Amino acid sequence: MTFSELIKGIKTSAVIGEANVNITGVEIDSRKVKEGNLFVAIKGTQVDGHQYIPKAIELGAAAILCEEAPQQPQPNVTYAVVKSTEDEVGKVATRFFGDPSKHLKLVGVTGTNGKTTVATLLYNLFRKLGHKCGLLSTVCNFIEGQEIPADHTTPDPIELNELLAKMLAAGCEYVFMECSSHAIAQKRIGGLTFTGGIFTNLTRDHLDYHKTFENYRNAKKSFFDGLPKSAFAITNADDKNGMVMVQNTKASVKTYSIQSMADFKARIIECHFQGMYLAIDGQEVGVQFTGKFNVSNLLAVYGAARMLGKQREETLIAMSTLHTVNGRMDTLQSPEGFTAIVDYAHTPDALKNVLLAIHEVDGKGHIITVCGAGGNRDKGKRPLMAKQAVQLSDKVIITSDNPRFEDPQDIINDMLAGLDAQDQKKVLTIADRKEAIRTACMLAQKQDVILVAGKGHETYQEIKGVKHHFDDKEVLRDIFAQ
Ligand SMILES: CC(=O)N[C@H]1[C@@H](OP(=O)(O)OP(=O)(O)OC[C@H]2O[C@@H](n3ccc(=O)[nH]c3=O)[C@H](O)[C@@H]2O)O[C@H](CO)[C@@H](O)[C@@H]1O[C@H](C)C(=O)N[C@@H](C)C(=O)N[C@H](CCC(=O)O)C(=O)O
Ligand SMILES: Nc1ncnc2c1ncn2[C@@H]1O[C@H](COP(=O)(O)OP(=O)(O)OP(=O)(O)O)[C@@H](O)[C@H]1O
Ligand SMILES: N[C@H](CCC[C@H](N)C(=O)O)C(=O)O
Ligand SMILES: [Mg+2]
């Protein structure tokens, strides 16, 4: 594809050099540039990509998309200057890969919690219904069963469009993807054509990046603002911001709720650790999930399936065979008769919801929670997470999550700052996560429940830039086997 074809329709303030040059690939990272590529220089949160233009040219870049005209343009290099490269990069990537999302039924899921759950369940559901599908999620990306490891919730625009193009080539009809607030704010999803959007919920997270809750909310909302008229927008009517999300969307709005009137409604009939009986749209169905928040997730899944043309019966039958997503309310039984639950709850709200879900189950004993908070992430959520854990547990062991570049003890102290003297009586602090889990298992008696929160599916603990193997479920299984 030529450079001029690639930038057609994009408002440029200057084009310097030969516009008909052939482009062999698009890159936003100079380190990945190959002969004949277009390098897009983006001003990031750490560095300004413009400083890597010489490096990109050295590696063979044939063209540069940038915000500042070069002082000394290089011969044999074409430059286009635009107001914001971040605004245009998605469009360019989309075009380079043949606009794959236009030929797929692409559904995006956004919200603070539940994105991975909803997107993964939709992927599993539509495969059960006989369709070829793709999934882009925090845990892993899939092209019709083929695993492609994920290191972001939402990939960068180049990788994203490349994956979508592969999905299309593999015959996929539906793609379900998570849209993180970072990705929306950084326009990683710019240029994509969505068939539908789903909102799960909004509570505090990532304020290190967005600064204010309002900015965070607006980032999520802008996903719905950008949906086309032909799309659907499914929102959670039980969330305070559910209707705010869709107030300016052109898409056709549908609501789901477990509390009030809505297009898609559900009620819990019975609730156990092994599953629940629900009434969805007036029809009884048994599901292998626990907890009110999972009823909301299942309703989002049901609503999307209906909006994608599926009938009530076939959808509910397939939904009854779905099982929990790796590390989300993942239940293990100990030989001593207590239950351990591994869950990815890493926000105050997620912790509250998962603990409330445990409280809803009949006949359980005490609740022991093991949790920490991630380093180099939103610090404000730490004391709130500790408070939530203490309020809804009989005993709490505060430990380390992924400390990244922080001292684990500093993170623990930030968590402890959320507790008063009375709260602290319930709390032990054990920075070594394996020891913390082992201690919880020693304290637990028959019928008790241990919640190990924060890391879910993760198989590593990130310390000072190194990922050491660590798997909460594996640790528990080893302890059970001893
Ligand atoms: C804070 C954040 O979101 N950062 C993301 C952002 O990078 P950035 O703006 O900081 O980039 P930068 O390092 O300042 O560099 C600016 C530009 O220079 C380029 N560069 C840089 C160095 C070089 O040698 N050559 C070069 O060309 C970079 O490729 C970039 O284009 O854009 C990059 C490309 O898309 C992302 O990889 C990067 O994710 C970082 C690694 C990250 O950790 N992000 C997390 C917070 C994130 O995105 N999380 C969300 C999920 C959160 C959730 O919902 O729980 C996600 O979607 O995964
Ligand atoms: N609908 C929901 N409402 C509140 N909490 C939820 C909901 N669904 C899941 N959770 C809780 O949040 C945790 C994370 O769930 P999930 O991975 O599906 O969310 P996510 O939005 O993908 O998170 P991330 O932004 O980290 O990718 C779960 O382990 C569970 O504790
Ligand atoms: N996508 C989230 C995951 C947090 C998981 C938790 N284990 C942590 O490390 O904080 C983030 O990057 O903030
Ligand atoms: Mg996720």
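All ligand and atom numbering here is 1-based and tracks the order in the structure. Since this is a predicted model, take the numbers as computed values, not measurements.
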Distance under 4.0 Å to a non-hydrogen atom of [X]: what atoms of ligand 2 satisfy this?
X: E178; value: 22 (O), 27 (O)
X: N297; value: 1 (N), 2 (C), 7 (C), 8 (N), 9 (C)
X: T138; value: 27 (O)
X: T153; value: 27 (O)
X: T117; value: 16 (P), 18 (O)

query = Regarding K364 and the six-membered ring of F338, is the cationic atom NZ or CZ under 6.0 Å from the ring centre and inside 45° of its axis?
reply =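 So K364 doesn't make the cation-pi contact.
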
Number the atoms of ligand 3 from 1 as they appear, then name those within less than 4.0 Å of a heavy atom of [X], with their elements.
X: G374; value: 8 (C), 10 (O)
X: R404; value: 8 (C), 9 (O), 10 (O)
X: N402; value: 7 (N), 8 (C), 9 (O)
X: H206; value: 13 (O)
X: G454; value: 5 (C), 6 (C), 7 (N)

inquiry  = Checking the N or O distance criterion of under 3.5 Å, is ligand 3 in contact with H346?
reply    =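 So ligand 3 has no N or O lying under 3.5 Å from an N or O of H346.
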
inquiry  = Is it the case that ligand 3 has an N or O less than 3.5 angstrom from some N or O of D401?
reply    =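 Checking ligand 3 against D401, an N or O pair does fall under 3.5 Å apart.
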
Check whether any N or O atom of [X], backbone or side chain, sits under 3.5 Å from an N or O atom of ligand 2, and answer yes or no.
X: T200; value: no
X: T112; value: yes
X: R328; value: yes
X: S296; value: no
X: G114; value: yes

Students should be able to answer this: which protein heavy-atom is nearest to [atom], and at what distance?
atom: atom 31 (O) of ligand 2; answer: D343 OD2, 2.2 Å
atom: atom 14 (C) of ligand 2; answer: Y344 CD2, 3.9 Å
atom: atom 1 (N) of ligand 3; answer: Y344 OH, 4.0 Å
atom: atom 7 (C) of ligand 2; answer: F293 CD1, 3.4 Å
atom: atom 2 (C) of ligand 2; answer: N201 ND2, 3.3 Å
atom: atom 13 (O) of ligand 3; answer: R377 NE, 2.9 Å
atom: atom 21 (O) of ligand 2; answer: K115 NZ, 2.8 Å

Can a side-chain donor-acceptor contact be found between [Y] and [X] if the only test is distance below 3.5 angstrom?
X: E178; Y: T138; result: yes
X: N413; Y: Q409; result: yes
X: D99; Y: T94; result: no
X: S393; Y: T369; result: yes
X: H152; Y: E159; result: no
X: N326; Y: K473; result: yes

query = Can you find a non-hydrogen atom of M329 under 4.0 Å from ligand 2?
reply =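 The answer is no, since M329 has no heavy atom less than 4.0 Å from ligand 2.
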
Acceptor/donor pairs from residues 291-298 side chains to any protein atom, 3.5 angstrom cut, sequence neighbours excluded:
unit_1 : atom_1 : unit_2 : atom_2 : d
N294   : OD1    : N297   : ND2    : 3.2
N294   : ND2    : T290   : O      : 2.9

ask   = Excluding sequence neighbours, so at least two apart, what forms salt bridge (Lys or Arg N to Asp or Glu O under 4.0 Å) with E462?
value =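 With sequence neighbours excluded, E462 shows a salt bridge (Lys or Arg N to Asp or Glu O under 4.0 Å) to R404, given in chain and number order.
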
Between CG on residue N376 and CD on residue E406, distance to nearest 0.5 Å =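 One gets 5.0 Å once the value is rounded to the nearest 0.5 Å.
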
task = Starting at CG of D208, measure out to NZ of K211 and round the result to the nearest 0.5 Å.
result =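 Going from CG on D208 over to NZ on K211, the span is 7.0 Å.
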
message = Taking non-hydrogen atoms within less than 4.0 Å of ligand 1, which protein residues qualify?
response =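 Ligand 1 pocket, heavy atoms under 4.0 Å: I28, D29, S30, R31, F39, I42, G44, T45, Q46, V47, G49, Y52, K115, H152, T153, T154, D156, S180, H182, Q186, R188, H206.
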
task = For K32 and V26, indicate whether the former's side chain and the latter's backbone hold a donor-acceptor pair under 3.5 Å.
result =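 A pair under 3.5 Å: no.
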
inquiry  = At under 4.0 Å between heavy atoms, is it the side chain or the backbone of E462 that contacts ligand 3, or both, or neither?
reply    =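 Neither; nothing of E462 gets under 4.0 Å from ligand 3.
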
request  = Check side-chain contact (heavy atoms from CB on, under 4.5 Å) between T78 and all other residues, then give those that pass, not counting sequence neighbours.
outcome  =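 Residues passing side-chain contact (heavy atoms from CB on, under 4.5 Å) with T78: F3, V15, E18, V21, A63.
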
request  = Run the numbers on R328 and H457 for side chain to side chain donor-acceptor pair (under 3.5 Å), then give the verdict.
outcome  = CA-CA 8 Å; R328 275 72 182 162; H457 65 283; 2.8 Å; yes

key: N113 and ligand 2 - part of the residue with a heavy-atom distance under 4.0 Å   =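 Within the 4.0 Å criterion, N113 contacts ligand 2 through backbone and side-chain atoms alike.
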
ask   = Among D378, N353, N113, T203, whose side chain to side chain donor-acceptor pair (under 3.5 Å) with T347 holds?
value =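 The residue from D378, N353, N113, T203 that satisfies side chain to side chain donor-acceptor pair (under 3.5 Å) with T347 turns out to be N113.
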
